[in-house]
Amino acid sequence: MHDIRAIRDNPAAFDAALARRGLSGMSAEVLAIDEARRAGILAAETAQAAQNAASREVGAAKARGDDAEFERLRALVAEKKAEIARLSEGAAAEDARLRDLLLTIPNLPLAEVPDGPDETGNVEIFRWGTPRRFDFAAKEHFDITGVKPGMDFQMAAKLSGSRFVVLRGAVIRVHRALAQFMLDTHITEHGLTETWTPVLVKEDAMFGTNQLPKFAEDSYQTTNGWWLIPTSEVTLTNTVAGEILDEGQLPIRMTAHTQCFRSEAGSSGKDTAGMLRQHQFEKVEMVSITTPETSLAEHDRMTRCAQAILEKLGLPYRTVVLCTGDMGFGAQKTHDLEVWLPGQNTYREISSVSVCGDFQARRMNARYRAPGGKPEFVHTLNGSGLAVGRALIAVLENGQQEDGSVDLPAVLQPYLGGRTRIAADGTLA
RNA sequence: GGAGAAGUGGCAGAGUGGUUUAAUGCACCGGUCUUGAAAACCGACGUGGGUGCAAGCCCACCGUGGGUUCAAAUCCCACCUUCUCCGCCA
């Protein structure tokens, strides 16, 4: 959420930043509501102050036993009451109106973010590894002979419908190994604190990390009002909601491995084959809470943490900076990591690392205090480290052999009882 | 799920209808004293909003939301959370 004062102070800069995202200016509308709101507050508070003063006189009259004066003032104050109620209601309505509008305006891109209309405007900044040369036609993950016995979309359709999968045997063991490997790497080498959280959350949490109010159709809600998290960014980030942290506690670096649930209402028809895009998937997430001064450096650090996972797995990837037109709602700047998928002969997103500045902190009212200082909003960052299902796809497609078997990354061996490959018959070997 | 108890500032803890501003202690911060520190003493010490060039002034906030009253931390209702006991359960 935006700071109304910042918009008031420099409406032109605010509109210019929105324009970079392809949006029309909103400062005029925001400021008009803000003006009405402040006028309403002033009127209501002035009336309230008058009543408070009169009430004190009533008390004084009562105390000295002046019954006539007491009755006269009492009636006067009672008369004022309706007026105050009406004014307060108006002020509260304008205040809510402003907040509702501010909640729907996306974060502003940092100056260094490239301008662009959509993903075609993204800028590659780093590339690692060389895609392997195949002397046979590389298959997509679901077509690999050794994978087929362990990846059952028909069974999932029977249970749940489309965009779900049932995994069995070697395939799910590799999936589990990947998640364990990522978590272990983050906690032992990257200094993140492993955290386990609920996947059902209250509405407030979804507002805090800006899934709500704008993107309600992307997530699932239970009949009693809980939301299923689309990412553990929601729970990890909201751990600091409403808090005033000591500066010494920062940065807070967390990681969690959770189920994620997305209805993906807007993307039906995209990536329908295979398990690239599912309603339920697993992700190892990273979240950092920092001071304003350190958030950009933290963004690079977090990007490195995600890159390190891909490098240890030996998966070729590239890193792009998302352009203004492709960034998510809450981001100031985003790095996407795209892993090479031989079956699709292209790079596909496997991680997205964003710095949000104080955008989410304002929504959550998450602050910190430097010694002797005033509370200030923290900065928040989140990134995938990595999407486990997509990492599985990448491992399978990059390791596939002509005979239908799959060679697995060496770093996974400790999690696979020393085994190194999935045989063509679908068993670990 | 049932019964009971409790939610007050960073912490502890008073305050059951009104005599401006939530007592007091601890912690933190500034100062006096001291070679330095401690102790002692003095002072300052919450959050958000509005208004003003500023000093300042005003409004709200005692778990949350309603209500009663001229007036609510205090009385009433609902909800949330925590604790104790019981039930159930991986």
Side-chain angles (χ1 to χ4, degrees), chain A residues 1-9 30-103 196-208 222-227 235 238-250 252 258-259 358-378:
Chain A
M1 191 163 70
H2 292 285
D3 181 5
I4 181 62
R5 288 200 181 82
I7 300 173
R8 216 185 279 153
D9 290 346
V30 168
L31 292 180
I33 296 172
D34 180 47
E35 219 164 287
R37 164 182 159 271
R38 286 191 290 157
I41 289 171
L42 186 59
E45 289 191 351
T46 302
Q48 186 65 58
Q51 190 195 310
N52 288 349
S55 281
R56 281 192 288 271
E57 288 180 45
V58 173
K62 176 86 171 168
R64 66 175 181 268
D66 187 344
D67 287 346
E69 182 68 356
F70 173 76
E71 286 302 333
R72 190 185 71 78
L73 288 168
R74 204 171 69 106
L76 193 71
V77 170
E79 213 172 275
K80 284 280 174 201
K81 239 186 118 179
E83 183 195 353
I84 291 169
R86 180 175 57 77
L87 291 171
S88 307
E89 203 174 303
E94 293 298 337
D95 196 54
R97 227 177 121 209
L98 180 64
R99 182 178 169 80
D100 288 349
L101 177 60
L102 288 177
L103 281 173
W196 189 89
T197 73
V199 298
L200 292 169
V201 298
K202 296 191 276 194
E203 191 172 69
D204 286 352
M206 295 285 280
F207 272 91
T222 67
T223 51
N224 67 343
W226 282 326
W227 291 82
T235 45
N238 276 284
T239 56
V240 298
E243 301 288 332
I244 300 178
L245 305 161
D246 290 327
E247 187 178 31
Q249 293 175 258
L250 304 177
I252 297 172
T258 68
Q259 303 283 333
D358 64 9
F359 188 78
Q360 295 179 327
R362 283 181 189 284
R363 291 171 162 249
M364 296 188 299
N365 196 26
R367 294 170 295 173
Y368 78 100
R369 192 200 304 269
K374 284 256 173 199
E376 283 189 64
F377 290 110
V378 297

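Values in this document were obtained by computation on a predicted structure and should not be read as measured data.
A distance of about 15 Å separates the P atoms of B:U81 and B:U64, rounded to the whole Å. Comparing the same atom, P, in B:A12 and in B:U34 gives a spacing of 38 Å after rounding to whole Å. Between the P atoms of B:G7 and B:G25, the separation comes to 23 Å (whole Å). Using P as the reference atom, B:A71 and B:G50 are 26 Å apart when rounded to the nearest Å. Taking the P atoms as reference points, B:C58 lies 16 Å from B:G52, given to the whole Å. Across the C1' atoms, B:G15 and B:U24 are found 11 Å apart, a figure rounded to whole Å. Comparing B:C83 with B:G56, their C1' atoms are spaced 46 Å from each other, to the whole Å. The same atom, C1', is picked in B:U21 and in B:A38; the two are 35 Å apart, to the nearest Å.
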Annotated protein contacts, base or backbone, on nucleotides 70-80 of chain B with a non-hydrogen cut-off under 4.0 Å, one of B, S, - each: BS---------

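The interatomic distance linking A:Asp246 (CG) with B:C29 (P) rounds to 12 Å, in whole Å. Regarding A:Ile41, its CD1 atom lies at a distance of 6 Å from the P atom of B:G50, rounded to whole Å. The distance from atom CG of A:Leu42 to atom C1' of B:C59 is 10 Å, rounded to the nearest whole Å. Distance A:Asn365 CG to B:U47 P: 12 Å, rounded to the nearest Å. In this structure, the CG atom of A:Asp95 is 11 Å from the C1' atom of B:G50, given to the nearest Å. Distance CD (A:Glu94) to P (B:G50): 14 Å, rounded to an integer number of Å. Taking atom CG of A:Leu87 as the reference point, atom C1' of B:C58 lies 15 Å away to the nearest angstrom. If you measure from atom CE of A:Met1 to atom C1' of B:G48, you get 12 Å, rounded to the nearest angstrom.
Taking every heavy atom of both residues into account, A:His2 and A:Ile7 meet most closely at CB-CD1, 4.0 Å. Residues A:Ile41 and A:Ala91 approach most closely at N-CB, 3.7 Å, considering heavy atoms. Here the closest heavy-atom approach between residue A:Arg8 and residue A:Leu31 is recorded as CA-CD2, 3.7 Å.
Annotated stems with RNA chain B as a participant read B:1-7 with B:80-86, B:10-12 with B:24-26, B:29-32 with B:40-43, B:46-51 with B:56-61, B:63-67 with B:75-79, given as range with range, by first number; only runs of 3 or more Watson-Crick or G-U pairs under 3.5 Å qualify.
Within 6.0 Å of atom CD in A:Glu35, 12 or fewer heavy atoms from other residues, nucleotides or ligands are found, so the atom counts as exposed in its surroundings.
Close to B:G49, at under 4.0 Å from its OP1 or OP2, lies no side-chain N or O of A:Arg38. Taking side-chain N and O atoms only, A:Arg8 has a distance below 4.0 Å to OP1 or OP2 of B:G50. Close to B:C58, at under 4.0 Å from its OP1 or OP2, lies no side-chain N or O of A:Gln48. Taking only side-chain nitrogens and oxygens, A:Arg5 comes nearer than 4.0 Å to OP1 or OP2 of B:G49. Here A:Arg367 does not reach the OP1 or OP2 of B:U47: none of its side-chain N or O atoms lies under 4.0 Å away. The phosphate of B:G46 (OP1 or OP2) has no side-chain N or O of A:Arg369 nearer than 4.0 angstrom.
For the pair A:Arg363 (side chain) and A:Leu103 (backbone), a donor-acceptor distance under 3.5 Å is present. In this structure, the side chain of A:Asp246 does not engage the main chain of A:Gly248 through any donor-acceptor pair within 3.5 Å. Listed for the A:Asp358 side chain is no donor-acceptor partner under 3.5 Å among the backbone atoms of A:Phe377.
The pair A:Arg99-A:Asp95 does not count as a salt bridge, with every side-chain nitrogen at least 4.0 angstrom from each carboxylate oxygen. For A:Arg97 and A:Asp100, the salt-bridge test fails: no basic side-chain N is under 4.0 Å from an acidic carboxylate O. Taking 4.0 Å as the cut-off between side-chain N and carboxylate O, A:Arg86 and A:Glu89 do not count as a salt-bridged pair.
Annotation: of the two residues near RNA chain B, A:Thr46 and A:Ile244, the 5′-most nearest-nucleotide partner is A:Ile244.
Atom CE of residue A:Met1 and atom CG of residue A:Leu98 lie 8.5 Å apart, to the nearest 0.5 angstrom.
No engagement by A:Arg99 is indicated, since no non-hydrogen atom pair under 4.0 Å with the nucleic acid exists.
When distances are taken from the side chain of A:Pro375 to each of B:U47, B:G50, B:C59, the shortest belongs to B:U47.
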